[in-house]
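Right, one structure below, let's go through it.
Hydrogens, waters and symmetry mates are skipped; everything else that's a heavy atom, side chains included, is used. Chain letters run A, B, ... following the sequence lines, proteins first and then strands; every chain starts at 1.
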Amino acid sequence: MNGYNFAYLDEQTKRMIRRALLKAVAIPGYQVPFGGREMPMPYGWGTGGMQLTASILGSDDVLKVIDQGADDTTNAVSIRAFFQRVAGVETTTATTSASVIQTRHRIPEAALSHGQILVFQVPIPEPLRFIEPSEQETRLMHALEEYGVMHVKLYEDIARYGHIATTYAYPVKVDDRYVMDPSPIPKFDNPKLHMNEALMLFGAGREKRLYAIPPYTRVESLDFEDHPFEIQAWDECCALCGSETSYLDEVITDDAGNRMFVCSDTDYCMTRRGEVA
Amino acid sequence: MYVAVKGGEQAIANAHQLLGDRRRGDRELAELSVEQIQEQLRLAVDRVMSEASLFDPELAALALKQASGDTIEAVFLLRAYRTTLPRLAVSEPVDTSAMRIERRISATYKDIPGGQILGPTYDYTHRLLDFMQLAEGEIPTPARAEQALESCPQILELLNAEGLIEREADDGSEPYDITRDPPDYPVDRAARLQMLARGDEGYLLSLAYSTQRGYGRNHPFAGEIRIGQVEVEIFVEEFGERICIGEIPVSECQMINQFGGSREVAPQFTRGYGLSFGHNERKTMAMALVDRALRAEELGEPVNSPAQQAEFVLAHADSVEASGFVSHLKLPHYVDFQSELELLRRLRRAHAASQKAASDEEVI
Amino acid sequence: MLWPGLTDPVHDSQRLFRQILQAMSEPGTLHNLDLDAPPEVAPIGAALWGALLTLCDLDTRVWIARELDTPALREALSFHTGCRLADDPASADFAVVTPTTLHTEIAFATGSDEYPDRSTTLLVSLDSLNDQGPWQISGPGIPERRWLDVGDGEALMGCLARNHTQFPRGLDALLACDARLTAIPRSSRIEKCLKEDRSCMSQ
């Protein structure tokens, strides 16, 4: 694109982000402050993920962008078009063909492989933020590894509802040290964080934080012995591909409230239907 | 290459086309030019420049035109453009004492050396709609002094000479740059003032107002408000001296506040400071009040009101950040919503079962 | 002879960064960096030079150990990256060292518990580097364990093993011999395995 550098960001900004990324992978789960820049998209719409993608992307990469697991949601379309325009990279909807995947709210169903990079868009990177709003305080809590309040919060849920009432952005502990917000993915996706073969990078543009989980890293969802972590389950299977193991979206089909359930991961669903046909 | 999508791209393109059409409005009417906005909607242009942290009246006017007059959208457009600009030089601090003054008032003295100059102000207009402006007629050229006032002493300097107000001197240290480094709370006053300077005017106005109503009161007096042109200088290595690269209009407000003091330091007034591009008087007054409120801890005052809580005030002042995050709720969230639905249904089933068990027990 | 810069700064630095990123996220894996090597007399090889060109700029401070410090290296660094050279190792973002440098204790920045990222990254110039050797590493980025031979490694590995006792504070290291590069971040656990019995001694 005329007038802008490859992948939009100037080289100095990319280097600043790249240095921060190296610290992020060296201290898994720790939120590295970085000099986030304004992007030509609103804050909250993926500017953190976009800055990371722009800093790692090369001309031989194949990029996939998903939002809610789908390649065709408007913001995914918009971000993909942005990188096609400013970097001219090849794009794909196939999880297995992509070298870089930028995502909002999901981890693909197909297992990621070694060498792939998954970039998450993060709205609020601080897992303790809704318990303690002050950044000064939460920074200290991470420094002291003082995570008791998080367990108290989860346990209060159990006392009140009989269940842990956190269903997405479910906190995890990375390599037995940092409590981390995995971004607002459904807790269904949490087990995929553990010992994944792909490198996972997280970018929060407005909050100016980035963090990482290297491949083959232990990631545990917080829980209690008497209330072990469990993921969502549906009585239904996908109405399109019949999957019984994928995350399902509920689609309302008429005024009478009839509904069907379909895979949230559109590529996974299409691939399965292709195989069946 | 082919990308399999289902209408998303076309829908976005159509939306952009419709937006352009609505922006243009009735084609029978002449199109608004950027020059007209720059000349005739000056205060909007000034506000956009201030909150975008970029002095460029033409591009600010273009942003307003492109945003159909939506100030926050225009600030965002100009801010996103600013980020792409290379940094060619760093200016010396502007000297507002040497301002070519267009307006200057003090509420703390009846008369001041150099005089009180009302300048172009809405202050004493009666807020009656001027129906004459519905008709098109030329505005008579105003009576004005032959030339702008030369530099006038700062009122607070008069107090300073007597030791009645806390001294503020440039210690020469390099200020934190909020446009390049993430805020690291607690931030120092230089960083705070930068964040307030690009903060949303409405937000600062409300916070400033809250201090006047008792939530962190700091007894303010408008010591001096001055608006006019200041020179921007850069230091050029090759010449070994400063050169002026141009003039910009700025507004400055210096508040005189509640005095402090201790066993060691004699009682003296304290200060709050506001500065912005262009004619932005309300913004600078609000900024000065909030600046003073945020100095509570430094001045040994209790911190118990919203306007005094630095992290709260500063982290939420930026309209580009705030509008982005509020508006992101428009994006699809159906995956997380499905998570919540699944849990809620499960909880309700468990609740119904336990209610039934309880009522069965009663029957027995 | 002049020190070479990157032929295509935008795309070369992207390519090299991705290799460095992969090295840092998968400690102990070896990567060959493809770029024009510095002159033969230079105290560092192609991989470390590539890392410096990729990561350093006006905002970066670099400390150079005495045994590597030459006017040519200083000039080349300033010319190609614009980085500032640090006298105080505690203020350095990057420190160019050899295993010998680490025989004496040097106060590099290890960050704080609040900001562990504010720490020096070591760029270690090695005489040999292989993925078979006495040093066993495990931890994030490593499926089970990996082995390394870094030549004269006692002081170097001792220095990096101390990371474990002060985590999250610590030093991260890029280690290189000629064009070959690997990384040991502070998250890695390091043990020395004796050849005879393969039993490991924790460092």
Side-chain angles (χ1 to χ4, degrees), chain A residues 3-4 8 10 33-45 47 67-78 80-81 84 90-93 104-106 123 133-136 139 161-163 165 167-169 184-188 206 208-209 232-234 247-250 264 270, chain B residues 1 3-12 15 52 73 76-77 79-84 86-87 177-186 309-312 315 318 320-344 346-347 350-351 354:
Chain A
Y4 291 102
Y8 182 75
D10 61 278
F34 77 106
R37 303 288 193 251
E38 276 94 3
M39 294 297 278
M41 263 101 163
Y43 282 121
W45 296 51
T47 59
D67 186 336
Q68 314 295 300
D71 298 272
D72 61 348
T73 34
T74 41
N75 205 41
V77 169
S78 169
R80 183 168 50 237
Q84 276 173 322
E90 189 183 337
T91 60
T92 183
T93 56
R104 177 170 170 266
H105 293 192
R106 279 306 314 273
S134 160
E135 166 70 16
Q136 278 169 262
R139 182 157 291 279
Y161 303 113
H163 288 271
T167 60
Y168 58 92
I185 54 172
K187 65 178 181 175
F188 180 89
R206 194 176 36 74
K208 299 177 175 59
R209 295 288 184 275
Q232 288 96 343
W234 286 262
Y247 191 87
L248 300 180
D249 292 331
E250 182 171 335
S264 112
M270 299 260 284
Chain B
M1 89 223 51
V3 177
V5 290
K6 291 181 284 183
E9 257 159 304
Q10 195 52 47
I12 290 172
E73 183 69 24
F76 180 21
L77 282 166
R79 186 85 73 78
Y81 174 72
R82 181 195 186 283
T83 313
T84 66
R87 182 169 297 212
D177 184 347
I178 62 151
T179 67
R180 297 170 67 90
D181 299 310
D184 175 8
Y185 295 107
Q309 291 169 8
E311 223 188 289
F312 173 80
D318 189 291
V320 179
E321 291 175 1
S323 90
F325 200 44
V326 168
S327 68
H328 107 284
L329 292 173
K330 289 182 280 189
L331 290 178
H333 281 78
Y334 56 79
V335 162
D336 291 345
F337 187 68
Q338 184 60 221
S339 279
E340 295 284 86
L341 274 180
E342 194 262 359
L343 176 69
L344 197 58
R346 189 196 301 217
L347 293 179
H351 186 260
S354 69

**Asked** Side chains of A:Gln136 and B:Pro186: closer than 4.5 Å at any heavy-atom pair?
**Response** yes

**Asked** Checking A:Tyr247 side chain against B:Val335 main chain: does a donor-acceptor pair fall under 3.5 Å?
**Response** yes

**Message:** Need one label for B:His333: side chain, backbone, both or neither, based on atoms under 4.5 Å from any heavy atom in chain A.
**Reply:** both

**Message:** Looking only at heavy atoms and a cut-off of under 4.5 Å, which of A:Ser134, A:Gly162, A:Ala169 has the most pairs with chain B?
**Reply:** A:Ser134

**Item:** Closest non-hydrogen atom pair between B:Gly324 and A:Pro42, with its separation
**Value:** CA-CB, 4.0 Å

**Request:** Check each atom of B:Arg346 against the heavy atoms of chain A and say whether the ones under 4.5 Å are side chain, backbone, both or neither.
**Result:** side chain

**Asked** Does any N or O in the side chain of A:Arg104 come within less than 3.5 Å of the main-chain N or O of B:Pro332, such that one atom is a donor and the other an acceptor?
**Response** yes

**Request:** Work out which heavy atom in A:Thr167 is nearest to a heavy atom in B:Ser339; give both atom names and the distance.
**Result:** OG1-CB, 3.3 Å

**Asked** Non-hydrogen atoms of chain A under 4.5 Å away: do they reach the side chain of B:Ser323, the backbone, both or neither?
**Response** neither

**Prompt:** Are any non-hydrogen side-chain atoms of B:Pro183 and A:Lys208 less than 4.5 angstrom apart?
**Reply:** yes

**4.5 Å side-chain heavy-atom contact, A:Ser78 and B:Ile12** = yes

**Prompt:** Taking atom CZ of B:Phe337 as the centre, does the number of heavy atoms from other residues, nucleotides or ligands within less than 6.0 Å exceed 12?
**Reply:** no

**Item:** For A:His163 against B:Leu343, the heavy-atom pair lying closest together
**Value:** CB-CD1, 4.3 Å

**Toward chain A, the part of B:Glu342 with a non-hydrogen atom under 4.5 Å** = side chain

**Item:** chain A contact via B:Leu344 - which portion, at a heavy-atom distance below 4.5 Å
**Value:** neither

**Asked** Who among B:Thr83, B:Leu341, B:Asp336 has the most heavy-atom pairs with chain A under 4.5 Å?
**Response** B:Asp336

**Request:** Please report the shortest heavy-atom distance between A:Ala70 and B:Tyr334, naming the atom on each side.
**Result:** CB-OH, 4.1 Å

**Request:** Counting only heavy atoms closer than 4.5 Å, note whether A:Tyr161 contacts chain B via side chain, backbone, both or neither.
**Result:** both

**Request:** Counting only heavy atoms closer than 4.5 Å, note whether B:Phe76 contacts chain A via side chain, backbone, both or neither.
**Result:** side chain

**Prompt:** Under 4.5 Å between any side-chain heavy atoms of B:Gln338 and A:Gln68, yes or no?
**Reply:** no

**Asked** Measuring from A:Glu38:CD to B:Asp318:CG, what's the distance to the nearest 0.5 Å?
**Response** 7.0 Å

**Asked** Which pair of non-hydrogen atoms, one from A:Tyr8 and one from B:Ala80, has the smallest distance, and what is that distance?
**Response** OH-O, 3.8 Å

**Request:** Specify the closest pair of heavy atoms between B:Phe325 and A:Gly44, including all atoms of both residues, with the distance to one decimal.
**Result:** CD1-CA, 4.0 Å

**Complete:** Counting heavy-atom pairs under 4.5 Å with chain A, the top scorer among B:Asp181, B:Val320, B:Ile178 is B:Val320

**Request:** Would you check if A:Pro133 and B:Phe312 make a side-chain contact, meaning some heavy-atom pair closer than 4.5 Å?
**Result:** no

**Validation row: A:Tyr168, B:Glu340 side chains within 4.5 angstrom (heavy atoms)** = yes

